Amino acid sequence: MSDSCASPLCVLDDDRDLGLSDYEGARARWCPGCGDHSVLTAVEKLLVSEQLRPEQTVFVSGIGCSSRFPHYLKTYGFHGIHGRALPVATGIKLHRPDLTVFVVMGDGDCTSIGAAHWIHAIRYNMPMTVLMLDNSIYGLTKKQSSPTTPRGTSTNTHPAGALLAPLNPLATTLGTTNVSFVAQTAEWVPAHLYATLRAARRHNGFAFVRVLQRCPIFMPGLYDAAVKNPTLVEMLVHDDGVLVPELEKIYTKRVAHDPSNLLEAQRLAADTGTMRLGLFFRDESRPTYDVLRRPAPRTAQERIELLNAELDKHAV
Amino acid sequence: MDASTLLHEPPKALSPRAQRVREHTVEIVSDPGEGAQKCGQIFGAVSARMGNGVWTVEIIPAEIQPPPRIPEGASGNRIRVGAGPVTNWGDETNLVLAFNEQVLLGRHRVGALAPDAIVLLESFWETHEDPDIRGAYAAAITELSSRSYGIIPVPIERECLTLVDNPRKGKNMFALGMLACIYGRDMGRIEEQIAYTFRKKSEAVFRTNMDLLRLGHQWAEQHLDFRFEIPPQPSAQRMVVMNGNEAIGMGALAAGMELCAMYPITPATSVSHYLAEVMERFGGILHQAEDEIAAAGVAIGASYAGKVAFTVTSGPGLALKTEFLGLAAMTEIPLVVVDVQRGGPSTGLPTKVEQSDLLASLFAQPGDAPRVVIAPATIEECFHVMITARRIAETLRCVVIVLSDANLATGVQPFPRPLPAAEWHAAPVDLGPVAPGQKPYDWDPRTGVSQRIVPGRLGGAHTVTGLSHDEQSKVAYSAGVHQRGSTMRSRKLAVLQQTLKPAPIHGPDVGELLLVGWGSTKGAIEEAVDRARALGLSVSSAHLSFLSPMHPGLREMFDRFERVMTVEINYSDDPGDPFITPENRRRGQLAWLLRASTLVDVDCWTRVPGEPLRPGAILDAIRATLARGAA
């Protein structure tokens, strides 16, 4: 029972059959209609289907509506400070590679106050599943502009409308050295959401998933057109991508995209005229920092001997 | 030393006069990059290995590459060598070896040199082809003649040219040879030290350095008519010699720490340089994070998931880490933070010593986040404090801040060799199942202490949160929960305080004046007290290792003295300054704390000179204070 699994892709190696009740935490307190509920549902489904052991799984979050996420699960959770989920997750994974780490951030958390950590975490490429729940607004503090707020949106900090074109999280991620997994999905397409999270979970590296998410209170209607009219959404499809056969009849606008093609992924991400869901890029051959850094373990006795040798070098 | 007789015509054949001294302070200064620091370091290390007491201080210009030949560019080392133990850098330099007259002027102008100091000065510039340089040299000699230095011109460059094409890379070994001759240093040990220093360079580099060393030694033998003998007192104990930052790095390894997350910042960075070389061999990770904030976050994440990790920084970095330190306090994740203090605020004096982060260490965060603050006073304590800090952080699930400073960071001093022990290490992380009913914060109401549950333990899953929470780590929605959590987190410090010993008193425990210090000033304060007592003055001193919580019994200790005064390297208003009254006077940082916690009218004498305090200056302050009291 207590033998821990060394692989970051570890699945159940004991005989427990884990069900939904093994993962469900406190009742979620997000607003009715909030997209976070469906992300939580998809994550719970993923935990069951992957049979991830709750005690070997850590959800790390920052601050914001979406960062309440760990409280609603029965795994280990770390609800930290605004913008800083990624350094905490990095420390956990560096020290304990046996743990499966998920990171849940909002758009402000990830792309504004935590932007420096975001860029560098991509480059570290530590194995973790990273969800950026993007509702294009600050919800917890009640409707201030976020970096992804569309230009012209009236917010409490920009009543006359957000001044600048929104930051493009996909393009930024895909433009960062050592990027290894970038996908976009939407919470109102649960099958695609689940399939994307599963692909991310199984990726050996920093798997960045931008989840387009509705905020019915502060950004009502933002995605109404796309929700009501699936033909406004373009699905990226490929045998190596995220395939959801049951959606083929609804999402008829489909484009073949080989996720090993970084330049094409960057081109697709930069074109913000069309909403695209799917796997933009995946390359499992990219080096991961935790493996580059992982030292050979030492016993206490070995360390004492090494320290004695160090002291001898400084002996008078 | 009579400068005029030596200035132009060094004697050819000598029968040197050897003078036995209890101690001597030596400086070697050059433009940056000319190797004066390496020369000084080797001289200090060899003196320590021979059994002399040693304290070295780096002389560092503020810029990495200032223009050559300017007084502000002086770079090098100051080494105080004694027959017995040396606990601080002393007052003034007795002998200085300067590679040009401008860096010498820099030392002269800051009053670093004794009025009768012997000055060995590179003579190359006196006859330089550039008339401006010749003029500057002559002007400098005139300025220096205001004091009775014994100036001895030395043709270092000319001599080195007989062996190498570029004397800029090797003059320092010639200089080292001269010092070795003057002070009778063991050439075999110097050779060993040079071999170690240049271990990454080629055999040819080593041989050239050795040739230059011997040439310098020979030159001094033939041209200098004085020698100083500082009798070594080899210790029966096995000793080690290192600087404070190396001691902190080694102490962290001795404490079994497996992860150090940092971001480069002077003067803390050399801790990570040391760990970068060795930590991986110990099965640990030295992680250079993207910024100071992330360094704290990575250390907290690692501590949360296993053994206590640490981060090392200086003042500006401590400021940036503030929010994370609050999170660690709230979530009770053990963490050790080393702050190698420098002059502040803002970028301040990056390479110079100051003790200005004390109040920030205790109070710099919104809300109440109790932290343990410990200050090592010696290089030896820099080693052992890491073991203590790790243990306290782990036992109490709290943040421990270790306040070192630039003086300790680069100061080199021998100390008894530690004997590493298994009990210094963090215990292996318990990954067994959690006992039924055990809560994430099972606070013992008597102590505030609870057992932490690291991820991986069956039956222990919970979410830690920076939000106020109850024993179950459930978010608090009532005032009572926050009150209780705050009380439990605070109680741990009170419990720790009950286990501390009273601070020892240097000198009698009753008298007219008690000096109180903390951190790297201990040696200078105690030397000043000893000198004052030799003059018949009634003064003692106490040095505090624990600043939060503080040692017990301070009030009773203070009551036995007529006056109590802190001595610190931080800013305070002088009572005589314009507009300053007892009410508006801003005091030394320890003085604030002591006044608040003891209600004693604690005075302070503080300075921010950008260098360690000199015992002579503290002695003057003692005299002035006692004279004021008598008036």
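As a basis for the values below, the full set of heavy atoms in this structure was taken, side chains included, without hydrogen atoms, waters or symmetry mates. Naming convention: chains lettered A, B, ... in sequence-line order (proteins, then strands); numbering from 1 in each chain. Model, not experiment: these values are computed from the prediction.
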**Note, Thr57(A) side chain near Pro455(B) side chain (heavy atom, < 4.5 Å)** = no
**Request:** Report the distance from atom CD1 of Ile81(A) to atom CZ of Phe324(B), rounding to the nearest 0.5 Å.
**Result:** 4.0 Å
**Asked** Roughly how far, to the nearest 0.5 Å, is CZ of Arg68(A) from CG of Leu467(B)?
**Response** 5.5 Å
**Prompt:** So, does Arg84(A) use its side chain to make a donor-acceptor pair with the main chain of Ala294(B) at under 3.5 Å?
**Reply:** no
**Most contacts with chain B, counted as non-hydrogen pairs under 4.5 angstrom, among Glu305(A), Lys74(A), His314(A)** = His314(A)
**Item:** Polar side-chain atom of Arg96(A) near backbone of Ala305(B) as donor-acceptor pair, under 3.5 Å
**Value:** yes
**Distance-minimising heavy-atom pair for Met250(B) and Glu310(A)** = CE-O, 4.3 Å
**Request:** Mind running side-chain contact (heavy atoms from CB on, under 4.5 Å) on Leu259(B) and Leu94(A) for me, showing each step along the way?
**Result:** CA-CA 9 Å; Leu259(B) 189 134; Leu94(A) 261 186; 3.9 Å; yes
**Interface moiety of Tyr274(B) toward chain A, non-hydrogen atoms closer than 4.5 Å** = side chain
**Request:** With a 4.5 angstrom heavy-atom cut-off, could you sort out which part of Phe59(A) is near chain B: side chain, backbone, both or neither?
**Result:** neither
**Message:** A side-chain contact here means heavy atoms from C-beta on lying under 4.5 Å apart; do His79(A) and Val464(B) qualify?
**Reply:** no
**Verdict with reasoning, Thr463(B) to Tyr76(A), per side-chain contact (heavy atoms from CB on, under 4.5 Å)** = CA-CA 6 Å; Thr463(B) 291; Tyr76(A) 280 88; over 6 Å; no
**Asked** In terms of heavy-atom pairs under 4.5 Å with chain A, which of Leu286(B), Leu253(B), Val434(B) leads?
**Response** Leu286(B)
**Asked** Highest number of heavy-atom pairs under 4.5 Å with chain B: which of Ile63(A), Thr75(A), Val58(A)?
**Response** Thr75(A)
**Message:** For chain A, which candidate among Gly460(B), Gly466(B), Pro414(B) shows the most heavy-atom pairs at distances under 4.5 Å?
**Reply:** Gly460(B)
**Request:** Quick one: closest heavy-atom pair of Asn308(A) and Arg417(B), and the distance?
**Result:** O-NH2, 3.0 Å
**Item:** Segment of Lys307(B) engaging chain A (4.5 angstrom heavy-atom cut-off)
**Value:** both
**Asked** So, Arg293(A) and Glu280(B), do they make that salt bridge, N to O below 4.0 Å?
**Response** yes
**Request:** Determine the minimum heavy-atom distance between His117(A) and Ile293(B), stating which atoms define it.
**Result:** NE2-CG2, 4.1 Å
**Request:** Considering non-hydrogen atoms only, spot the tightest contact between His82(A) and Glu323(B) and give its length.
**Result:** N-OE2, 4.3 Å
**Prompt:** Should we count CZ of Arg199(B) as having more than 12 external heavy atoms under 6.0 Å?
**Reply:** yes
**Asked** Do Tyr124(A) and His287(B) have ring centroids that are under 6.0 Å from one another?
**Response** yes
**Asked** Under a 4.0 Å N-O cut-off, is there an ion pair linking Lys313(A) with Glu246(B)?
**Response** no
**Request:** Check whether Ala300(A) gets within reach of chain B through its side chain, its backbone, both or neither, counting any heavy atom under 4.5 Å.
**Result:** both
**Request:** Take Phe78(A) and Leu327(B) through the test side-chain contact (heavy atoms from CB on, under 4.5 Å) and record every step on the way to the result.
**Result:** CA-CA 11 Å; Phe78(A) 194 117; Leu327(B) 175 73; 3.7 Å; yes
**Message:** Do Val454(B) and His95(A) make a side-chain contact, defined as non-hydrogen atoms from C-beta onward lying under 4.5 Å apart?
**Reply:** no
**Request:** Show your reasoning for whether side-chain contact (heavy atoms from CB on, under 4.5 Å) applies to Ile304(A) and His425(B).
**Result:** CA-CA 9 Å; Ile304(A) 288 174; His425(B) 285 197; 4.1 Å; yes
**Fill in**
Answer key: most heavy-atom pairs under 4.5 Å with chain B among Ile119(A), Leu73(A), Leu306(A), Thr90(A) is Leu306(A)
**Prompt:** So, for Gln288(B) and Tyr289(A), which heavy atoms are closest and what is the spacing to 0.1 Å?
**Reply:** N-OH, 4.4 Å
**Message:** Can you tell me which portion of Ala421(B) sits under 4.5 Å from chain A's heavy atoms? Options are side chain, backbone, both or neither.
**Reply:** backbone
**Message:** Quick check for you: to the nearest 0.5 Å, what is the distance between Arg281(B) atom CZ and Leu307(A) atom CG?
**Reply:** 11.0 Å
**Fill in**
Taking every heavy atom of His71(A) against every heavy atom of Val475(B), the minimum-distance pair comes out as CE1-CG2, 3.6 Å
**Request:** Below 4.5 Å from any heavy atom of chain A, which atoms of Phe282(B) appear? Answer side chain, backbone, both or neither.
**Result:** both
**Heavy-atom side-chain contact between Arg303(A) and Glu258(B) under 4.5 Å** = yes
